[in-house]
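Heads up, the thing below is written out as structure tokens.
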Amino acid sequence: METGVIELADVGPFDLQSTLESGQSYIWRRADGRTYETRRAYGGDAWYETVVDGEVLRVRQAGGPGDGRLEWESTTDATPLLTRLLRLDDDLEAIVDATPANQLLDEAYAAFRGMRLVRDPFFPCLVSFICSAQMRVERIYRMQTALRETYGDPVTVEGRTYYAFPTAAQVARATEADLRALGLGYRAPYVQQTAELVAAGGVTRADVDGLPYEAAREAATAFVGVGEKVADCVLLFSLGYLEAVPLDTWIRSAIAEHYPDCDRGSYADTSRAIRERFGGEYAGYAQTYVFHHLRTRS
DNA sequence: ATCCAGGATGTAT
DNA sequence: ATACATCATGGA
């Protein structure tokens, strides 16, 4: 495999572990085989690996979140791929500076300095968050791993086998019962039907991407198993709608405790209010920091 | 055992 | 538009 280094001095703050273990992306596997940990139980320099666009990609961080480096191994030049997937092109300092100051946001940003949003491939992201309904983060990882290893294309490089996330056509070939056997539960028919929709071209990314934010969220609910919350996750973690604020259980409790005036009853109205409170344009960044902060403290 | 997890859907109102 | 029951499954 090719190898390379990305100097973080050219990128700005970056923290690989919190970026990949904060419940945004489920396409990466930690190479030490350990399940994802929400605390820093190790040095933070583990390898993470995935298959994207048919290319094997491994990456680890060395030297700390500010002035360290990303070391990669790949079947291709991974620099543009990593820049896209890990949003290394975001000006994180500017994003943080543009975020309104308040106690919870300050705490969250301080706790995971360098965490970035991800830019996941569309279909894997869509399936991951359909599976996320009423499911703990650690179990979502397991479900996506099972999908990869059961239906994805294996890629063997230097004696090691990696699994690509299955395409829509590959998932569509599975039956609902097949998917239930992987532990998807009542989400199995959602995943199967959405895969059929995408594979047949009935609804695709193109029907969502590029629309104004709220119209895009509405359009994304055309996928089976996708309501407003999952739609927001896909918009934020795949399509780059950084203003999207998924209203999950953690954020709803944060609203109740810290921003009770933002609870406007309906999803759409509450979403507008908290989005405004989190600074609008990059509100999704704030949401993800708050989510990870609340979910990992004590 | 009971409760809960990055909710969505079908149905009744 | 909003309210409610129902939907699997594993871990605490």
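Labels below follow one simple rule: chain letters A, B, ... track the order of the sequence lines, proteins then strands, and each chain is numbered from 1.
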Any-strand Watson-Crick or G-U partner of B/dA1, both distances under 3.5 Å: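 B/dA1 is unpaired by these criteria.
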What distance, rounded to whole Å, do you find between the two [atom1] atoms, one in [N] and one in [M]?
N	M	atom1	value
B/dC4	C/dA8	C1'	13 Å
B/dC3	C/dT6	P	15 Å
B/dG6	C/dC4	P	24 Å
C/dG10	B/dT9	C1'	23 Å

Single-linkage hydrophobic cluster, 4.5 Å side-chain cutoff, A/Tyr190 and A/Leu197 together: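 Yes, same cluster.
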Determine whether A/Ile130 and A/Val203 fall in the same hydrophobic cluster, where Ile, Leu, Val, Met, Phe, Trp and Tyr are linked whenever their side-chain heavy atoms lie under 4.5 Å apart.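 Shared cluster, yes.
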What's the verdict on side-chain contact (heavy atoms from CB on, under 4.5 Å) for A/Gln170 and A/Asp153, showing C-alpha distance, side-chain angles and the deciding distance? CA-CA 9 Å; A/Gln170 288 173 317; A/Asp153 285 333; 3.0 Å; yes
What is the distance from [atom1] of [X] to [atom2] of [N], rounded to the nearest Å?
X	N	atom1	atom2	answer
A/Leu247	B/dA8	CG	C1'	15 Å
A/Tyr267	C/dA3	OH	C1'	19 Å
A/Lys229	B/dA5	NZ	C1'	11 Å
A/His293	B/dG6	NE2	P	16 Å
A/Leu179	C/dC7	CG	P	19 Å
A/Met143	B/dA5	CE	P	16 Å
A/Arg295	B/dC4	CZ	P	18 Å
A/Leu182	C/dT9	CG	P	11 Å

Nearest to the side chain of A/Ser266, heavy atoms from C-beta on, is which of B/dG6, B/dA5, C/dT2?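 Within the option list, the nearest is C/dT2.
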The side chain of A/Val230 lies closest to which of these nucleotides: B/dG6, B/dG7, C/dT9?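 Comparing B/dG6, B/dG7, C/dT9 against the side chain of A/Val230, the answer is B/dG7.
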Apply salt bridge (Lys or Arg N to Asp or Glu O under 4.0 Å) to the pair A/Asp90 and A/Arg87, showing each step before the final yes or no. CA-CA 6 Å; A/Asp90 281 343; A/Arg87 301 197 67 97; 2.7 Å; yes
With a 4.0 Å limit, can you tell me whether A/Arg180 has a side-chain N or O closer than that to the phosphate oxygens OP1/OP2 of C/dA8?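 A/Arg180 to C/dA8 OP1/OP2: side-chain N or O found under 4.0 Å.
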Distance test, side-chain N/O of A/Gln134 to OP1/OP2 of B/dA5, below 4.0 Å: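 A/Gln134 to B/dA5 OP1/OP2: no side-chain N or O under 4.0 Å.
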Centroid-to-centroid, A/Tyr26 to A/Phe129, below 6.0 Å?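 Aromatic pair counts; centres sit under 6.0 Å.
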Between A/Asp248 and A/Val224, just flag the one whose closest nucleotide in DNA chain B comes earlier from the 5' side.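 Checking each residue's closest nucleotide, the 5'-ward one belongs to A/Asp248.
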Pairing donors with acceptors under 3.5 angstrom, does anything connect the side chains of A/Tyr259 and A/Asn102?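 Short answer, yes.
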Do A/Thr83 and A/Asp89 pair up side chain to side chain, a donor and an acceptor below 3.5 Å, judged on atom types alone?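 No - no donor-acceptor pair under 3.5 Å links their side chains.
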Strand-adjacent residues in residues 183-201 of chain A, judged by heavy atoms under 4.0 Å from DNA chain C: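 Within this stretch, A/Gly185, A/Tyr186, A/Arg187 sit under 4.0 Å of the strand.
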Which part of the nucleic acid, if any, lies within contact of [X], taking any heavy atom under 4.0 Å across all strands shown: a base, the sugar-phosphate backbone alone, or nothing?
X	value
A/Gly23	base
A/Tyr26	base
A/Arg142	sugar-phosphate

First encountered from the 5' end of DNA chain C, between A/Asp269 and A/Ala133: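 Taking each residue's closest nucleotide, the earlier one in sequence belongs to A/Asp269.
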Check whether A/Glu71 reaches the backbone of A/Arg58 with its side chain - one donor and one acceptor, N or O, closer than 3.5 Å.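 Flag not set: sc A/Glu71 to bb A/Arg58 has no pair under 3.5 Å.
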So is the aromatic ring of A/Phe291 stacked onto the base of B/dG6, judging by whether the centres are under 5.5 Å apart and the planes are under 30° apart?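 Stack criterion met.
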